Amino acid sequence: MQKILVSACLLGCNCKYNGGNNRTEDVVKLSDEYQLIGFCPEVAGGLKIPRDPSEIRGEKVVNAKGEDVTEYFKRGAKLALAKCREENIEIAILKERSPSCGSEFLYDGTFSGKVVKGRGVTTGLLESCGIRVLSEYNYKEKL
């Protein structure tokens, strides 16, 4: 059975910054055909639950208090890549707009809710290493 790395929040894990999740039933149902490997790069990288929301601002990731949390995001991205290599995973379905997992869009770094084109830290690393990253919005037509 083919394995897919999936943002843990999409599978119902309460690992979002606010302690909630982004459970997406259609993604969960993929477990009928694929082995889904849940992973949260932010938690794996050392950020707690709950935590201040973070957004990408230039080359850094900052939280709502203005603290630079880039290293947590980089560490989580490296661990996600290691998991993919360990499990021979070639495809990931990650949470859109996340500073870790966004594949097409991110919040703009002003904490105003404005969305811009961009990639999260984990998505960028995975894609640079040949792993195909999809989101909960486009995986059906691209899987």
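No experiment lies behind these values; they were computed from the predicted model shown.
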### K78 vs F73 side-chain heavy atoms within contact, under 4.5 Å
no

### Task
Please check if atom CD in E67 has more than 12 non-hydrogen atoms from other residues, nucleotides or ligands closer than 6.0 Å.
yes

### Message
Would you say S100 and E42 are linked by a side-chain donor-acceptor pair, where the criterion is simply a distance under 3.5 Å?
### Response
yes

### Task
Take Y72 and K48 through the test side chain to side chain contact (heavy atoms under 4.5 Å, CB included) and record every step on the way to the result.
CA-CA 10 Å; Y72 294 103; K48 61 183 176 157; over 6 Å; no

### Considering all heavy atoms, the nearest I49-G19 contact
CG2-CA, 3.6 Å

#### Entry: Single-linkage hydrophobic cluster Y34~V28, side-chain heavy atoms < 4.5 angstrom
yes

### Query
To the nearest 0.5 Å, what is the distance between OG (S54) and CG (L47)?
6.5 Å

#### Entry: Which atom of P99 lies closest to which atom of I56, heavy atoms considered
O-CD1, 3.6 Å

### Message
Count I, L, V, M, F, W, Y as connected when their side-chain heavy atoms are under 4.5 Å apart, and connections chain through other members. Are V133 and L36 then in the same cluster?
### Response
no

#### Entry: Cation over ring face, K114 and Y107, 6.0 Å, 45°
no

### Task
Give me the other members of the hydrophobic cluster that Y137 sits in, counting Ile, Leu, Val, Met, Phe, Trp and Tyr linked by side-chain heavy atoms under 4.5 Å, directly or via other members.
none

### Message
With a 4.5 Å cut-off on side-chain heavy-atom distances among I, L, V, M, F, W and Y, is there a chain of contacts connecting I131 to L125?
### Response
yes

### Message
Let me confirm one number: the CD-CG distance from E59 to D68, rounded to the nearest 0.5 Å.
### Response
11.5 Å

#### Entry: CZ on R51 to NZ on K16, rounded to 0.5 Å
10.0 Å

### Query
Between the side chain of E136 and the main-chain N/O of E96, is any donor-acceptor distance below 3.5 Å?
yes

### Message
Test of understanding: clusters of I, L, V, M, F, W, Y form through side-chain heavy atoms closer than 4.5 Å, transitively. Do L134 and L5 belong to the same one?
### Response
no

### Exam field: side chain R75 to backbone G45, donor-acceptor pair closer than 3.5 Å
yes

#### Entry: Atom pair CG (N88) and NZ (K83), whose distance is rounded to the nearest 0.5 Å
11.5 Å

### Task
Return the minimal non-hydrogen interatomic distance between D32 and M1, and the atom names on each side.
O-CE, 4.3 Å

### Task
Could you tell me which non-hydrogen atom of L94 sits nearest to which non-hydrogen atom of L10, and how far apart they are?
C-CD1, 4.0 Å

### Query
Could you give the distance from SG (C13) to CZ (F39), rounded to the nearest 0.5 Å?
11.5 Å

### Query
Hey, are the side chains of Y17 and N63 touching, using non-hydrogen atoms and a 4.5 Å cut-off?
no

### Task
Would you check if the side chain of T123 reaches a backbone N or O of C101 as a donor-acceptor pair within less than 3.5 Å?
yes

### Task
Starting at OG of S7, measure out to CG of N21 and round the result to the nearest 0.5 Å.
12.0 Å

### Message
Counting C-beta onward and ignoring hydrogens, is there a side-chain heavy-atom pair between V27 and Y139 closer than 4.5 Å?
### Response
yes

## Note on the structure
Given the options D108, V62, L106, E55 meets side-chain contact (heavy atoms from CB on, under 4.5 Å) only with D108

### Query
Between L11 and T24, is any pair of side-chain heavy atoms under 4.5 Å apart?
no

### Query
Can you name the residues that form a side chain to side chain contact (heavy atoms under 4.5 Å, CB included) with K3, not counting sequence neighbours?
Q35, I37, E87, I89

### Task
Give a yes or no on this: more than 12 heavy atoms of other residues, nucleotides or ligands lie within 6.0 Å of atom CZ of R119.
no

### Message
Could you check whether any side-chain N or O of E127 sits under 3.5 Å from a backbone N or O of R132, counting only pairs where one atom can act as donor and the other as acceptor?
### Response
no

### Task
Please name the pair of heavy atoms, one in C129 and one in L81, separated by the smallest distance, quoted to 0.1 Å.
SG-CD2, 3.6 Å

### Query
Side chains of I4 and L143: closer than 4.5 Å at any heavy-atom pair?
yes

#### Entry: Minimum heavy-atom distance A64-D52, with the two atoms named
N-CB, 4.3 Å

### Message
Tell me whether F105 shares a hydrophobic cluster with V116, the cluster being built from Ile, Leu, Val, Met, Phe, Trp, Tyr side chains joined at under 4.5 Å.
### Response
no

### Query
T70 side chain to V61 main-chain N or O, any donor-acceptor pair under 3.5 Å?
yes

